[in-house]
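Just so you know, ligand 1 is whichever comes first in the structure, and atom 1 is the first atom listed for that ligand.
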Amino acid sequence: MIFYFSGTGNSKWVAEQIADSQKSKLMPIGDEINTSCSYHLEPGELLGFVFPVYSWGPPQIVLDFIDKMKIDTLDGRPDYLFFACTCGDDVGYTDRVMKSAFERKGWRLDSCFSVQMPNTYVLLPFFDVDDHDLEQSKLRKAVKKVEKINTILGARSNSFAMLVTSIPWIKTFLIRPLFNQSLKKVDSKYWVTDDCIECGLCAKACPVHNIEMKNGKPAWRCDGSCIGCLGCYHRCPKHAIQNGKITLKRGQYYHK
Ligand SMILES: Cc1cc2nc3c(=O)[nH]c(=O)nc-3n(C[C@H](O)[C@H](O)[C@H](O)COP(=O)(O)O)c2cc1C
């Protein structure tokens, strides 16, 4: 069984490739978190999580979901547990954060993977989507990486190689908590330009159903449920969704 969270489609694509190859059920965390979060696992069945890296760690919704989950194996543990995260650049100590979440449940991690994909974070100075060549090169390499992941998962073997670069501890354990505070208010800064064609794709793209269409235009709930994934911004076919002023000069990317 594979649970995924995805704002702009990268992690969804990875999750789909894995679920297809491993013949696993695929479940969106944004929907599942509103249920009892109780699941049946067959003996030998793998349990996996696929998600994007946000500020060098997993999105909070992934951690909240894991905390809430119950599985019905005899000892309450999965037979084989993995996670795969997608990132634009590097993952910091995402693996340490995930291992702690699993340890709280008494689960042992069997494998973890990182897959570099086109970047989607655009809300700070000097951050933008990748240029076309880099985007395409990352997507080509990702196909091979996911094939390797599927070979490892198929054999139920172990792999813990993650894409870590400089100062991971500072990024994950000092910067990330501050960044997570700023994510809580992201949706209060969204606005829509006159280019909006009222297509509703933004509302459909939101993985936590945080957008309502009011008089044809998107309205964000601003009740703390926005994850800050930027799915609505990137999905807009007219670049009509803006977050503050910074996105007026930023590019868009959505995995097709
Ligand atoms: C809020 C936010 C924070 C991000 N932080 C990081 C990061 O710390 N490191 C990184 O390499 N990429 C980062 N990214 C880029 C995404 O991890 C990457 O583009 C991912 O593949 C997006 O996955 P998705 O399409 O499934 O949402 C961030 C993106 C967003 C929206």
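Nearest non-hydrogen protein atom to atom 31 (C) of ligand 1 is Cys229 O, 3.5 Å. Protein heavy atom at the shortest distance from atom 11 (O) of ligand 1 is Asp89 N, 2.5 Å. The protein heavy-atom contact nearest to atom 23 (O) of ligand 1 is Pro52 CB, 3.2 Å. When only non-hydrogen protein atoms are considered, atom 29 (C) of ligand 1 lies nearest to Thr120 OG1, 3.4 Å. Closest to atom 4 (C) of ligand 1, if we only count protein heavy atoms, is Val53 O, 3.3 Å. Looking only at protein heavy atoms, the nearest one to atom 21 (O) of ligand 1 is Thr86 OG1, 2.7 Å. Given atom 25 (O) of ligand 1, the protein heavy atom at minimum distance is Thr8 OG1, 2.5 Å. Of the protein's non-hydrogen atoms, the one nearest atom 19 (O) of ligand 1 is Pro118 O, 2.8 Å.
Taking the six-membered ring wherever Trp is involved, the centroid distance between the rings of Tyr121 and Phe179 falls below 6.0 Å. Within the 6.0 Å centre-distance limit, the rings of Phe51 and Phe83 are counted as a close aromatic pair.
Atoms of ligand 1 found under 4.0 Å from any heavy atom of Met117, numbered from 1 in the order shown, are 21 (O). Listed by atom number, the atoms of ligand 1 under 4.0 Å from Ser11 heavy atoms are 23 (O), 24 (P), 26 (O). Near Gly228, with a cut-off below 4.0 Å to any heavy atom, the atoms of ligand 1 are 1 (C), 31 (C). When each atom of ligand 1 is checked for a heavy atom of Asn119 under 4.0 Å away, the hits are 14 (N), 15 (C), 19 (O). Within ligand 1, counting atoms from 1 as listed, the ones closer than 4.0 Å to a heavy atom of Ser55 are 3 (C), 4 (C), 5 (N), 6 (C), 7 (C), 8 (O).
For the pair Leu183 and ligand 1, the shortest N or O to N or O distance does not fall below 3.5 Å. Of the polar atoms of Ser6, at least one N or O is found under 3.5 Å from an N or O of ligand 1, judged by distance alone. The distance criterion of under 3.5 Å between nitrogen or oxygen atoms is met by Gly7 with respect to ligand 1. In terms of N/O distances under 3.5 Å, ligand 1 is not approached by Lys12. The shortest N or O to N or O distance between Gly88 and ligand 1 is below 3.5 Å. Between Leu230 and ligand 1, no N or O atom pair is found at a separation short of 3.5 Å.
Residue-level proximity to ligand 1 for Asp90 is carried by the backbone, the only part with a heavy atom below 4.0 angstrom.
Arg221 has its side chain out of reach of Cys226: every pair of non-hydrogen atoms, C-beta onward, lies at least 4.5 Å apart. Side-chain contact between Asn10 and Pro52: absent, with no pair of heavy atoms (C-beta onward) separated by less than 4.5 Å.
A donor atom on one side chain and an acceptor atom on the other are found under 3.5 Å apart for Asn150 and Gln22. Between the side chains of Ser111 and Asn158, no donor-acceptor pair of N or O atoms lies under 3.5 Å.
Nearest residue to atom 8 (O) of ligand 1 from Phe5, Tyr233, Trp13, Trp56 is Trp56 (criterion: closest heavy atom).
For residues 64-85, the set of pairs meeting the salt bridge (charged side-chain N to carboxylate O under 4.0 Å, His left out) definition, not counting sequence neighbours, comprises Asp67-Arg104.
Ring geometry for Phe82 versus Tyr80: interplanar angle of 30 to 60°, hence tilted. The aromatic rings of Phe49 and Phe102 lie tilted to each other, with the angle between the two planes from 30° to 60°. The aromatic rings of Phe3 and Phe65 lie tilted to each other, with the angle between the two planes from 30° to 60°.
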Would you be so kind as to tabulate the donor-acceptor pairs closer than 3.5 Å made by side chains of residues 162-169, with sequence neighbours excluded?
| unit_1 | atom_1 | unit_2 | atom_2 | d |
| --- | --- | --- | --- | --- |
| Thr165 | OG1 | Asp90 | OD2 | 3.0 |
| Thr165 | OG1 | Lys171 | NZ | 3.4 |

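A cation-pi arrangement is present between Arg96 and Tyr93, with the terminal nitrogen or guanidinium carbon under 6.0 Å from the aromatic centre and inside a 45° cone about the axis.
Closest heavy-atom contact between Thr73 and Pro78: OG1-N, 4.5 Å.
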